[in-house]
Every structure is written in C-alpha cells, then in structure tokens.
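Naming: A, B, ... by sequence-line order, numbering from 1 per chain. In this text the structure is predicted, and so the values were computed from the model without any measurement.
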Amino acid sequence: KAGVTQTPRYLIKTRGQQVTLSCSPISGHRSVSWYQQTPGQGLQFLFEYFSETQRNKGNFPGRFSGRQFSNSRSEMNVSTLELGDSALYLCASSLGILNEQFFGPGTRLTVL
Amino acid sequence: DQQVKQNSPSLSVQEGRISILNCDYTNSMFDYFLWYKKYPAEGPTFLISISSIKDKNEDGRFTVFLNKSAKHLSLHIVPSQPGDSAVYFCAALQGGSEKLVFGKGTKLTVNP
C-alpha cells in the first residue's frame, strides 16, 4: 500500500505571497491532519479533515486554511506569508477513529 | 502551555543496552498515547501506542509504560541498536479527537 505523499517537497517563497501544499493520504484513510514543525515550537497541530469537513483546528491564525476533496486528498493554504511561517509542514492520514496517524515526508517551506 | 513534555532533549546509549525515553503530560483528558520516531528529512514513523486503560504495551524490542497517577509514560528499547538513533516524539490524543499533541522530542544516539 502506498504511503502518504506530499507535494512539493521543497518550496521557497517571499513574504506576502501565498502557498498551497498538497497531501494524498493512504488509500482508504478518510482523516487527514496537518502539522507544522519548527525548531522552537516542535510539532504543532494545524487542523484535521474527515470526509471533507474540518473536525479539529489548532491555534493558528486564519491565514492558515485547508480543505479536503471527495477522494480524501487534502490541500493546505497559507496566505500573506511571514518569515515565521518557514517550517516543515507534515501531513498525516488515519482511518479517523483513534487510530495511529501515518505521516508523509513533509514539505519544507522557506519564506525569504 | 506545553501539555506534553519531554524534558531530555538528548540521550546517548551504548549498543545492546537499554534506552529509556521519558514523557510527562498535564492534561488528564488524554486517553491514548503514541510514540513516533523521526529520521532527518522524513516524516515521523509510528512506533507503538498505549491506551489509558493499560499500563504496559510491548512490541518486540519496544515497550511503553504508562503511569496515569503520575501522568508519566516511558518508552523502553531493549536491546538498543545503532539504527534506533533518531528523534523520538511522545504524543497524546484526547478521546474523540484526532488532534495529536506532541512533545518536543528526544534525540537518541546509540553508539556502536
């Protein structure tokens, strides 16, 4: 079974721009979660989607948004990029009911 | 307010010996705990989990112990192998939520 895939793997943007990251979950997984990893804050939960609905949301500003499609693929969007948004963005999928989450390799975003 | 804490940022162990990684939590509503291992440039990989109704779960060389009264869990790796060298994250889930709350990780180095 193919694992979680994320595209692109690396991205460089400048302040003020917006970015869209993509995540394809493991086949059959209906839950997709997004996390931000930075050296100072560690892994922090952004939001979780299940069957195209946002079920959980972390403490991030409204510039961070996401959506999930009917095939469970998910996208995350960050608008008006700031330097502090530079991070590794990880996507994880699960069956959605207190199951282990399986992570993708992440997208390394650098904001200049 | 960090709800999951890994107070040791690093740990160094000799090959063949036991590695003990510790994790404390503050939220008594957490009822499911997981350990993830992360290599550089990869997403976290699920290792082992434990439900709050148990105090021990074992999988091969990995054993997780949960002490609910102390709000403490630990991961034991016996025997440690050089390939175990990675960053280990402790994570917790609250019932009904897919929002993983992570500790900041402990970097384990197993020396040959």
Rounded distance [0.5 Å steps], CZ in A:F103 versus NZ in B:K38 |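 Reported to 0.5 Å precision, the distance equals 10.0 Å.
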Indicate yes or no for a side-chain donor-acceptor contact from B:Y36 to the backbone of A:Q101 under 3.5 Å, with no hydrogens or angles considered.
->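 Flag set: sc B:Y36 to bb A:Q101 pair under 3.5 Å.
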Counting N and O atoms only, with roles assigned by atom type, does the side chain of A:Y35 sit under 3.5 Å from a partner on the main chain of B:F102, one being a donor and the other an acceptor?
->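 Pair absent, no side-chain N/O of A:Y35 close to backbone of B:F102.
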Would you check if A:L90 and B:P44 make a side-chain contact, meaning some heavy-atom pair closer than 4.5 Å?
->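 Sidechains of B:P44 and A:L90: in contact.
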Do A:K57 and B:K99 come within less than 4.5 Å of each other through their side chains, counting heavy atoms only?
->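 No, every pair of side-chain atoms sits at 4.5 Å or beyond.
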Using the rule that two of Ile, Leu, Val, Met, Phe, Trp, Tyr join whenever any of their side-chain heavy atoms come within less than 4.5 Å, decide whether [X] and [Y] are in one cluster.
X	Y	answer
B:V101	B:L66	yes
B:L11	B:I20	no
A:L81	A:L11	yes
A:I26	A:M76	no

Measure across B:L100 and A:F45 and return the closest heavy-atom pair with its distance rounded to 0.1 Å.
->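 B:L100 and A:F45 have their closest heavy atoms at O-CB, 3.9 Å.
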So which part of [X] gets closer than 4.5 Å to some heavy atom of chain B, the side chain, the backbone, both or neither?
X	value
A:L43	both
A:Q6	neither
A:F47	neither
A:R108	neither
A:L46	neither

Answer yes or no: are there more than 12 heavy-atom neighbours, outside [X] itself, under 6.0 Å from its atom [atom1]?
X	atom1	value
B:R17	CZ	no
A:R63	CZ	yes
A:K13	NZ	yes
A:N59	CG	no

Distance-only side-chain donor-acceptor flag, B:Y32 / A:E100, under 3.5 Å =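 Checked: B:Y32/A:E100 side chains pair up, N/O donor to acceptor below 3.5 Å.
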